[in-house]
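As the structure lists them, so they are numbered: ligands from 1, and atoms in each ligand from 1.
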Amino acid sequence: MADIIQLLPDHVANQIAAGEVVQRPASVVKELLENAIDAGASNIKLIIKDAGKTLVQVIDDGKGMSVTDARLSFERHATSKIRTADDLFQLNTKGFRGEALASIAAIAHVELKTKQENDDVGTAIVIEGSKVASQEVVVTPKGTSLSVKNLFFNIPARRNFLKSNTVELRHVIDEFQRVALAHPDLGFAMYNNGSETFNLPVSKYRQRIVNIFGNKTNEKLVPVEEDTEVLKISGFVGKPEFAKKTRGEQYFFVNNRFIKSAYLNHAIVSAFDGLLKAGTHPSYFINLMVDPQTVDINIHPTKTEIKFDDEHTLYALLRSAVKHSLGQFNIAPVLDFERDPSLDPPYTYKSGEATETPNIEVDRSFNPFQTEEKARSSGGGRAAGYKKEPAASWEGLYVGLESKGTRTQQDFSEVHFESEESTPSIFDDEKQIEQANTTYQIHNKYLVSTIKSGMLVIDQHRAHQRILYEEFLKNMTIKEAVSQQLLFPLELHLSKQEIAIIKQLEEDLVNTGFVFSKMEEESLEITGVPVSVPESEVSIILEQLISDVENEVPDSSFSATDLLAKSIAKSLAIKTGQSLKKDEQEHLVNKLFACKEPNITPTNRSTFITLSVDELDKKFI
Ligand code: ADP
Ligand code: MG
């Protein structure tokens, strides 16, 4: 048989490599910004159009390239940054693989203009799909300008795979912010569709953070410093009371390179131990300077993961540095209100409440000779009366289960009587039917209800999400939501990007009942909210919404209306831990089964499970 193996032509190999290097416009942004930094630039400008789909351009004032280098830079494995394999362990540059420009040039229209300081003229090269279309001598300032147009023009499948502009822009901004945060000593600017999104002059680190995330950030930051032989830690953590429901503002940099590390994240979060409200995440902006020899950044193609030689020491140092800062800045005592209520003594031990213990006077009024029927149904005579006495301590036993502690003595007696009466009702047909409709709440989390074939266990939070989601979706699509006027306008301070997201969703928000009276660069004024939204929840809802847009699940198709309905439903749904009264429980169950898709949440998770009598029988074998 003939030989069948061939070497791939360069442009095909480049296209394949591009698949790994370039996933979306943001990947191009990252590579170009890093090249500019490696070139020693002090000012870097990023210009994008249509979230980078039409244009990504980076202009720097770095060292530029010679004519030969300009041409060579687009070859695969062409790099000026390493020469031998040993250099890999001494890296001081961002790039080293020499494949970014080659990959990008394989899948886009690229224009390079570059000039070195001492040259009179520079070089301009146009490359389209790996083919050099032109090369000229040009007059251009010192430094490099690289434009990447029509990304994926020759791979329609990849182009179609790109997300909405909102989502792609978010990714671009993420990359830009990461790079800008890692280099406060360089000036950055970003322009999107002709308007300035960021202008970040050279500044101190704190100022850089504030310039990116808005003025309100300043008061939230607590400095973290630690200088040891193996490592230097610097940066800021957010005060615990400003911890967010989302993980947005969490940044680690190792030797000025953004990295992700669940392990180091854990070190920081554990330093906040006991200071954070459940479900919130602290902000942090932490720089670690280590000897390049002790880290391996080469384990991940897009280089956001990293391997340290001595992770344990690093963990311990980081944790103690953060703990120290939180302590030093007196953060801890402020947070008294965040005390875990489950650590409180049961209410029966508190003064005042304890006197209620002998309050079970029900027993004394019990007269077995007067109410014959009741006596019979509860198992007979005086015995029933006595049976209730230990009930006082029974209540005590279950106090610990009430995580919210909102239940009153009366609620308990309600439960108590129900259970007392339902036992004998096994012999009573009428009552058995009644019992069939009864719901029980367990652990303030699940509702249990009986059905013909057995029982239902409903997750209260998820069930309510489904109900609200369908309601909101209906309101939005028929556009007749009712709005409640706020007595005083509500002003929210958000960052520029957050405002941009709200703008994008403005129409849908208005359809649900939001009324915006002002929308400025970093603030928002609201004068009306949907009737079902309590004023106190407004900022939480919008924050959740923004983070949902930012982290939109890659598979779902982007629909603002749908996302909004999901997001609001998630924020407003009854929480786990909330105790529900009988009628509220029943209402929830009925509403759930009136939904179009009662069995799943808007994000496709089960709202309830069923347990058939058969299954129960099996457990009793
Ligand atoms: P790498 O950054 O891994 O070396 P790239 O493909 O990103 O690979 O770049 C190839 C080479 O082109 C770099 O090593 C550098 O010499 C040169 N280069 C790229 N961008 C610039 C720039 N903005 N200024 C000066 N030189 C650059
Ligand atoms: Mg590079």
Open item on the list: Any nitrogen or oxygen of Asp38, side chain or backbone, less than 3.5 Å from one on ligand 1?
Closed with: no
Open item on the list: If I take every N, O or S atom of Thr79, is at least one of them less than 2.8 Å from the Mg ion (ligand 2)?
Closed with: no
- [ ] Answer yes when Glu226 and Lys232 have at least one side-chain N-carboxylate O distance shorter than 4.0 Å, and no when they do not.
- [x] no
TODO: State the atoms of ligand 1, each with its element, that fall below the 4.0 Å cut-off from a heavy-atom position in Ala100.
DONE: 6 (O), 7 (O)
TODO: Flag Asp60 as yes when one of its N or O atoms lies below 3.5 Å from any N or O atom of ligand 1, and as no otherwise.
DONE: yes
Open item on the list: So for ligand 1, is Ala102 a polar contact partner (N or O within less than 3.5 Å, distance only)?
Closed with: no
Open item on the list: If we set the cut-off at 4.0 Å for heavy atoms, which region of Leu101 has an atom near ligand 1: side chain, backbone, both, or neither?
Closed with: both
Task: Cation-pi, Phe161 ring and Lys163 (6.0 angstrom, 45 degrees) - done: yes
Open item on the list: Apply side chain to side chain donor-acceptor pair (under 3.5 Å) to residues Gln504 and Thr166 and explain how you reach the verdict.
Closed with: CA-CA 8 Å; Gln504 194 103 25; Thr166 318; 3.0 Å; yes
TODO: Any atoms of ligand 1 less than 4.0 Å from a non-hydrogen atom of Ser73? List them with their elements.
DONE: 10 (C), 12 (O)
TODO: Taking only Lys NZ, Arg NE, NH1 and NH2, and the carboxylate oxygens of Asp or Glu, determine whether Lys503 and Glu521 approach each other closer than 4.0 Å.
DONE: no
Open item on the list: Please confirm whether Gly62 approaches ligand 1 to less than 4.0 Å, judged on its heavy atoms.
Closed with: no
Task: Reported CD1-to-CG distance for the pair Ile233 and Asn287, which is rounded to 0.5 angstrom - done: 10.5 Å
Open item on the list: Any atom of ligand 1 sitting under 4.0 Å from a heavy atom of Met65?
Closed with: yes
TODO: Select the closest option to atom 4 (O) of ligand 1 among Thr79, Leu146, Asp61, judged by heavy-atom distance.
DONE: Thr79
TODO: Any chance you could measure Ser73, atom OG, to Leu146, atom CG, to the nearest 0.5 Å?
DONE: 7.5 Å
Task: Part of Ala39 within contact of ligand 1 (heavy atoms, under 4.0 Å) - done: side chain
Open item on the list: Between Lys53 and Glu168, does any side-chain N to carboxylate O distance fall below 4.0 Å?
Closed with: no
TODO: Report yes if some N/O of Asn35 lies less than 3.5 Å from some N/O of ligand 1; otherwise report no.
DONE: yes
Task: Pair Asn211, Gln207: side-chain N/O donor-acceptor within cut-off below 3.5 Å - done: yes
